[in-house]
There are 2 protein chains.
Amino acid sequence: METFAARGYNNASLAEIADRAGLTQAGVLHYFRSKALLLAGVLELRDRTDIELQGPERPRGLAFLRHLVDTARRNAEREGIVRMYAVLSAESVTEDHPAQEYFRDRYAGLRSLVVEALTEACERGEVREDLDVRDAANAVIAVMDGLQVQWLLSPDSVDMAASTERVISALLADFGAGPLPGPLPGPPDEAPASDTE
Amino acid sequence: METFAARGYNNASLAEIADRAGLTQAGVLHYFRSKALLLAGVLELRDRTDIELQGPERPRGLAFLRHLVDTARRNAEREGIVRMYAVLSAESVTEDHPAQEYFRDRYAGLRSLVVEALTEACERGEVREDLDVRDAANAVIAVMDGLQVQWLLSPDSVDMAASTERVISALLADFGAGPLPGPLPGPPDEAPASDTE
DNA sequence: GTCTATATTTGGATAGAC
DNA sequence: GTCTATCCAAATATAGAC
């Protein structure tokens with residue numbers, strides 16, 4: 001993970017990864033038949049470690065949106081993971097990248113979670129046209145991703161949680177719901193929580 | 001540009017670039033002493049070609065924000081450039097990447113342009129705390145960037161212009177200004193305009 | 001289960017001919 | 001100004017010993 005985060009997939013070498021893991025390059029290939037399979041293993045591991053937003057007991061509606069802001073705040077303490085996702089997600093749009101399907105699926109999943117949350121958050125017969133909600137959901141995901149790149153380049157110029165919160169609450173207000181209740185100063189530190197990026 | 005867009009910097013080879021340009025790899029290195037200098041040349045060329053948002057006659061305030069939405073719309077017709085910026089900007093956060101300074105400066109410049117525009121857009125003694133405006137500006141830039149990655153992976157799931165417009169106008173409303181006047185259906189096609197990404 | 005050795009490919013860069 | 005030839009380094013992957 002650290003190597004992929006620091007160098008991206010293409011520029012990462014099995015030799016460096018092997019070094020950090022305390023074995024040789026051939027040793028790594030004994031467990032993962034190829035570099036691409038190793039990447040798949042890393043991504044899969046993260047998905048299992050971060051129980052993320054799966055399961056039926058995940059937060060819904062407003063609680064979910066607040067959870068996104070909390071995630072942005074927690075991410076400021078986890079540069080490694082942020083860097084890995086920022087680098088790999090963008091790199092995945094290049095030709096024949098081994099993580100392309102992974103990120104396509106990931107975004108599709110996130111998209112429907114956020115659409116659902118936005119819809120529940122501003123209960124009303126029809127919140128607005130469905131399309132509008134999808135546009136807003138894409139925007140929410142996009143802000144979080146885009147902020148990460150800016151933050152990685154200039155940490156002092158970016159407050160990921162504040163910017164995320166501002167967009168979400170502005171969108172909600174625009175939809176006719178009240179602003180994000182129980183807003184920014186959320187629990188400064190939560191228990192064994194999980195995350196999104 | 002096409003090669004860097006399709007493969008990123010690290011994975012792009014001088015051989016492929018030379019092929020497309022109709023000369024040999026050694027020929028390319030005759031004009032650009034190294035791969036990193038070639039990348040610098042490409043980025044510099046784009047900056048000079050797209051007069052972008054420089055000069056004193058650039059749009060200001062609301063007009064500038066509307067210009068951003070227009071740019072998002074135009075970008076949907078320029079996959080190559082979008083891909084190049086999306087890939088390179090994220091790749092630039094990796095260790096020792098030759099475009100790191102370029103993108104740091106680029107974001108700093110964009111940031112101050114958007115801060116200025118937001119401030120002018122909602123004329124009021126103090127719009128709100130300065131910090132809030134900076135957070136909003138970062139968010140605007142972030143949405144545009146983040147949407148590009150999603151769009152490159154799944155064009156049919158993302159409407160870059162619509163999502164961008166929604167965020168900007170929601171933020172403005174939140175600041176107390178009216179919603180983006182002369183909103184979405186901007187000039188479907190403008191003259192020799194320029195762009196942002 | 002881990003290593004050494006090596007095959008194979010590819011990349012960036014240099015030297016020098018034409 | 002462009003090419004050929006070549007160097008050197010690095011990378012992925014495989015074969016086979018211990």
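In this text, all values refer to a predicted model and were calculated from it rather than measured experimentally.
To the nearest angstrom, P of D/dA10 lies 18 Å from CG of B/N11. Atom CG of A/N10 and atom C1' of D/dA10 are 14 Å apart (whole Å). In this structure, B/I17 places its CD1 atom 11 Å from P of C/dG11, rounding to the nearest Å. Atom-to-atom, CD of B/E16 to P of C/dT10 comes out at 13 Å; the value is rounded to the nearest Å. Atom CG in B/L14 sits roughly 15 Å away from atom C1' in D/dA9 (whole-Å rounding). Counting to the nearest Å, the C1' atom of D/dA11 and the NZ atom of A/K35 are 8 Å from each other. In this structure, A/H30 atom NE2 and D/dA17 atom C1' are separated by 14 Å, rounded to whole Å. Going from atom CG of B/D19 over to atom C1' of D/dC3 covers 14 Å, rounded to whole Å.
The side chain of A/T24 has C/dT4 as its nearest neighbour among C/dT4, C/dG12, D/dT4. Taking only side-chain atoms of A/A26, from C-beta outward, the nucleotide of D/dT4, C/dG12, D/dA15 with the closest atom is D/dA15.
Ring pair A/Y85/A/Y102 is parallel by interplanar angle, where below 30° counts as parallel and above 60° as perpendicular.
For B/Q25 and C/dG12, a side-chain-to-base donor-acceptor distance below 3.5 Å is present, hydrogens and geometry of angles not being considered.
Backbone-only contact: A/A12 has heavy atoms under 4.0 Å from sugar-phosphate atoms and none from a base. Among the heavy atoms of the strands lying under 4.0 Å from B/L29 is at least one base atom, whether or not backbone atoms are also near. Counting any heavy atom pair closer than 4.0 Å across all strands shown, A/A36 reaches no nucleic acid atom.
Using a cutoff of 4.0 Å between basic side-chain nitrogens and carboxylate oxygens, B/R58 and B/E116 are scored as salt-bridged.
Between B/L39 and B/L88, the closest side-chain pair of non-hydrogen atoms falls below 4.5 Å.
In this structure, CG in B/D130 is found 7.0 Å from OG1 in B/T119, a value given to the nearest 0.5 Å.
A donor and an acceptor atom, one from each side chain of A/R83 and A/Q148, are nowhere located under 3.5 Å apart.
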